[in-house]
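Since the model is a prediction, treat every value here as computed from it, not as a measurement. Just so it is clear, the values below take in all heavy atoms, side chains as well, and ignore hydrogens, waters and symmetry mates. Order of the sequence lines sets the chain letters (A, B, ...), proteins ahead of strands, with each chain counted from 1.
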Amino acid sequence: MLSRTKFIGAVEIGTAKITVLVGQVTRGRSLSIIGLGECPSRGVVKGIVVDYKAASECVHAALEEAERVAGARVGEVFLAQSGAHLEGFQNESEVRVSSADNMVSALDIDNVCQLAKSKQLPEGRMVVHHLRRPFRLDGRLVPDPEHLDGRRLEVGYWTVHGQESRIADHIHVIRGFNVRVTELILSSLASGSVMTTADDRRHGALVLDLGAGTTDFVLYRDGCALLTGVVPVGGLHFTNDLSLGLRLNDHDQAERLKLRHGRGVVTAKDRAEKVWLNGDLGIGDRQFPRVTIEQITAARARELFEVVRKKLGANFDAGHIAAGVILTGGASKLAGIEEAAAQVFDVPARLGEPPGWVGDHLRAPGHSTALGLLHHGLGAPAENPARRQPATVSGLLRKIFTAGN
Amino acid sequence: MNPPAISLPPARSWRDLPQPIKPRAMSREGRRRRVLAAAKTALLAATLLVTGWGGAEFLVTLKTNPGRLVAPAGGTPVRGLELRTDGVLDEGWARGTLALPAQAGLMTLDLAALQRRLLASGQVERAELTRQLPGSLVVTLHERAPVARVMGQLGEAVPQTLLVARDGTVFAGAGYAPEMVARLPFLDGVRLQLAGSRLAPIAGMAAVADLLAAARAATPALAHGFSVVSLARLATDDVLVVQSADVGEVVFGAAGGFARQLARLDFTLAETRRQFPVEPLRVNLAVDSRQVLVARLLAGTPAPGRAVLPRPAAGSVATPVLFFPAPPASANFSHAL
């Protein structure tokens with residue numbers, strides 16, 4: 001965009017609902033959230049589009065609603081990406097400083113970064129993010145090694161890649177509204193950017209975004225994202241477990257029971273204590289033992305966190321997670337879930353709190369991903385690129401001719 | 001900066017995915033936005049093209065013929081002059097007054113200066129000049145109509161007959177038929193004064209114009225005999241004194257009601273001549289509603305019975321006698337007699 005004010009959209013295509021936020025970015029420095037559109041999701045399973053038409057209808061309805069509320073047309077979209085097809089691997093490289101006086105040059109930095117990123121992927125896979133970790137110059141951590149003195153420059157990248165067809169499906173759903181996708185950002189990174197402070201990331205933190213169909217996580221250390229991942233388990237699994245365990249045919253009843261009486265850990269002492277299914281004493285209303293409900297949800301919560309811990313593997317070191325575990329996402333509304341996380345990860349756990357500039361109507365944990373997308377739209381680079389490409393004439397022309405799209 | 005020493009093929013990124021999709025895969029809103037975006041892009045491209053073409057033309061012209069940039073249409077000479085007027089002036093007068101250079105460019109003309117030249121004649125009350133591409137100059141004039149004439153002298157020039165319009169403007173007059181000018185009465189009792197390079201307007205000409213217009217309309221025979229209109233007593237007595245061929249001198253009240261005064265004059269003259277064989281010398285129509293006719297008895301004529309002054313001695317034919325002609329019962333102004 002050539003003007004000083006632009007309208008960007010943040011779209012999260014979730015399993016349970018589509019969330020769209022419209023932000024007004026002024027002079028690239030200030031962000032105002034001026035529109036919110038939500039729509040129950042259809043055609044999306046575990047964060048993956050399985051029915052293009054149904055998913056498109058929902059996403060476009062949410063986009064239209066957000067634009068209507070904002071009173072502005074979105075020019076570009078920041079799109080959240082989730083799904084179990086996303087994987088990552090660690091890739092490190094090192095170069096010897098080329099200068100005779102051992103001063104690190106920009107060329108050395110470019111070389112070591114390119115070397116670290118140049119890994120071929122299997123057929124049908126494509127890179128979503130290259131997350132750079134801090135540089136090491138002769139073994140010491142440095143945020144920017146240029147002009148520093150040293151002999152050996154090392155850098156590591158966490159490369160996130162995904163299935164090409166599934167990424168393309170996500171993008172095409174947005175393109176069906178004739179809006180350009182400017183950035184594709186992992187849901188976990190988006191949530192993590194608003195639910196953590198710079199201090200949290202420097203001290204080490206694990207952010208878990210508990211969605212309806214998936215749980216996205218990102219582990220921060222030394223101020224950078226160390227690794228990310230997606231577990232295809234979310235809040236809907238809690239509901240399904242209750243449906244099966246309590247023999248409930250109505251999914252909505254199980255969902256209400258989960259929200260009212262479910263807990264991340266078992267606290268009920270009296271096995272005889274019972275709770276009503278609907279509480280209206282109508283036909284079909286019946287009682288269930290509270291402890292049974294808590295046991296079902298607590299077991300699923302514990303299992304979920306254990307799967308995450310297992311995926312983190314050796315990268316998770318409780319001694320380097322000073323900021324603890326931060327929970328967000330719609331499923332984090334389950335009571336006591338932070339206690340379950342604290343027990344499994346053996347570090348303090350808490351529910352994430354969005355920054356103070358976020359309005360009350362957007363402070364629900366289910367909006368954290370969309371908020372994070374807008375945060376990226378303001379200019380926070382998703383991958384901490386070592387160097388930005390200089391502006392070119394062709395790039396300027398492309399901007400001019402795509403301004404209307 | 002030197003090129004990177006390591007050149008490895010980068011892994012495929014999501015940015016390599018082609019974002020455009022077929023219109024049928026879009027929603028209705030998406031298709032609508034696509035059409036709008038295409039229209040905007042086309043408009044932007046057209047604007048850029050036109051701007052680019054204009055810039056290129058500018059550069060080429062700057063290089064080959066910079067003079068055209070100063071006055072792009074100035075190279076087109078004035079091919080024709082079209083005169084539209086409500087008066088008598090003709091195209092020759094316009095050409096002579098405008099004095100356009102032979103190769104004057106249409107766009108280089110100073111229309112304001114040309115307009116001033118036209119207005120300087122005095123005969124032109126309003127002038128409008130319009131460029132009509134590709135090479136015509138349209139001159140639209142609204143002329144003053146002459147009411148009377150006056151002898152005047154501008155600077156060292158020979159005294160000449162000048163025309164006076166209703167608004168008092170004094171001008172030389174061009175294009176009028178000599179017979180028409182000869183029918184205009186002369187002005188008397190006025191003092192011409194210079195105002196800059198022109199003569200100052202004469203005050204009171206509106207009354208003169210009204211009088212003459214009324215006379216031509218109501219009593220054309222009388223009007224034809226008006227030879228001099230004097231403004232000498234206009235400021236002091238509010239009267240116009242007309243020298244006429246039918247009456248020696250007629251005094252009109254300048255406040256208006258000329259048609260009525262003319263009717264009274266016409267009636268008085270007719271009645272007097274019918275009743276008495278006299279030569280009218282003077283009629284004053286400005287005093288109250290009465291008119292007093294001063295006439296001279298023709299030689300050998302018996303004295304009128306209603307004369308109020310002593311009969312003049314024999315042989316003294318120049319002694320005026322006041323007459324009071326009896327009006328008919330139906331006359332409107334019988335009360336004045």
Side-chain angles (χ1 to χ4, degrees), chain A residues 52-53 56-57 59-61 63-64 67 73-75 79 81 93 95 98 105-108 110-115 117-121 123-130 159 161-162 164-165 167-168 170-184 397 400-405, chain B residues 1-66 68-70 72:
Chain A
Y52 178 83
K53 190 175 178 185
S56 292
E57 285 175 0
V59 172
H60 298 177
L63 274 166
E64 282 187 49
E67 285 189 337
R73 286 184 60 177
V74 170
L79 178 62
Q81 182 68 50
S93 68
V95 295
S98 58
S105 66
L107 185 61
D108 294 326
D110 285 340
N111 282 343
V112 74
C113 289
Q114 282 200 23
L115 193 61
K117 290 192 285 187
S118 58
K119 294 291 181 187
Q120 288 301 308
L121 297 175
E123 188 67 26
R125 307 287 297 182
M126 56 186 6
V127 172
V128 177
H129 283 301
H130 284 298
T159 299
H161 55 95
E164 179 177 338
S165 58
I167 296 170
H170 258 66
I171 293 174
H172 290 163
V173 165
I174 302 299
R175 286 297 300 167
F177 200 66
N178 202 51
V179 179
R180 191 167 53 91
V181 177
T182 303
E183 280 291 345
L184 195 66
L397 286 176
I400 290 172
F401 282 101
T402 55
N405 294 338
Chain B
M1 181 184 287
N2 294 326
I6 302 163
S7 180
L8 296 171
R12 288 193 72 212
S13 165
W14 72 269
R15 295 182 190 279
D16 298 327
L17 285 171
Q19 290 211 18
I21 64 171
K22 294 175 181 172
R24 69 168 178 265
M26 289 182 168
S27 64
R28 190 167 57 184
E29 174 65 14
R31 282 194 289 271
R32 193 181 71 84
R33 295 169 68 110
R34 184 171 176 270
V35 170
L36 282 176
K40 281 175 67 178
T41 305
L43 188 65
L44 192 60
T47 305
L48 286 176
L49 276 175
V50 169
T51 307
W53 175 77
E57 282 287 312
F58 176 80
L59 289 176
V60 169
T61 308
L62 190 66
K63 199 172 179 181
T64 57
N65 187 8
R68 286 185 63 197
L69 294 177
V70 179

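Interatomic distance, CG of Leu36(B) versus CZ of Arg73(A), reported as 5.5 Å (0.5 Å rounding). Atom CE in Met126(A) sits 11.5 Å away from atom CZ in Arg15(B) (nearest 0.5 Å). His129(A) NE2 to Trp14(B) CH2: the interatomic distance, rounded to the nearest 0.5 Å, is 8.5 Å. Between the CD atom of Glu164(A) and the CG atom of Asp16(B) there is a distance of 9.0 Å, given to the nearest 0.5 Å.
Nearest heavy atom pair, residue Ala37(B) against residue Asn178(A), reads CB-ND2, 4.0 Å. Between Val74(A) and Arg33(B), the shortest heavy-atom contact is O-NH2, 3.0 Å.
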Atom pairs and distances, side-chain donor-acceptor, residues 21-29 of chain B, under 3.5 Å, sequence neighbours left out:
| residue | atom | partner | partner atom | Å |
| --- | --- | --- | --- | --- |
| Ser27(B) | OG | His60(A) | ND1 | 2.9 |
| Ser27(B) | OG | Gly30(B) | N | 3.2 |
| Glu29(B) | OE1 | Arg32(B) | NE | 3.2 |
| Glu29(B) | OE2 | Arg32(B) | NH2 | 3.1 |

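When the side chain to side chain donor-acceptor pair (under 3.5 Å) test is applied to Ser13(B), no partner is found at least two apart in sequence or on another chain.
When the candidates Ile171(A), Val181(A), Ile167(A) are compared by the number of heavy-atom contacts under 4.5 Å with chain B, Val181(A) comes out ahead.
No part of Ser93(A) comes within reach of chain B, as not one of its non-hydrogen atoms sits under 4.5 angstrom from that chain. With a threshold of 4.5 angstrom between heavy atoms, Gln81(A) does not approach chain B through any atom at all.
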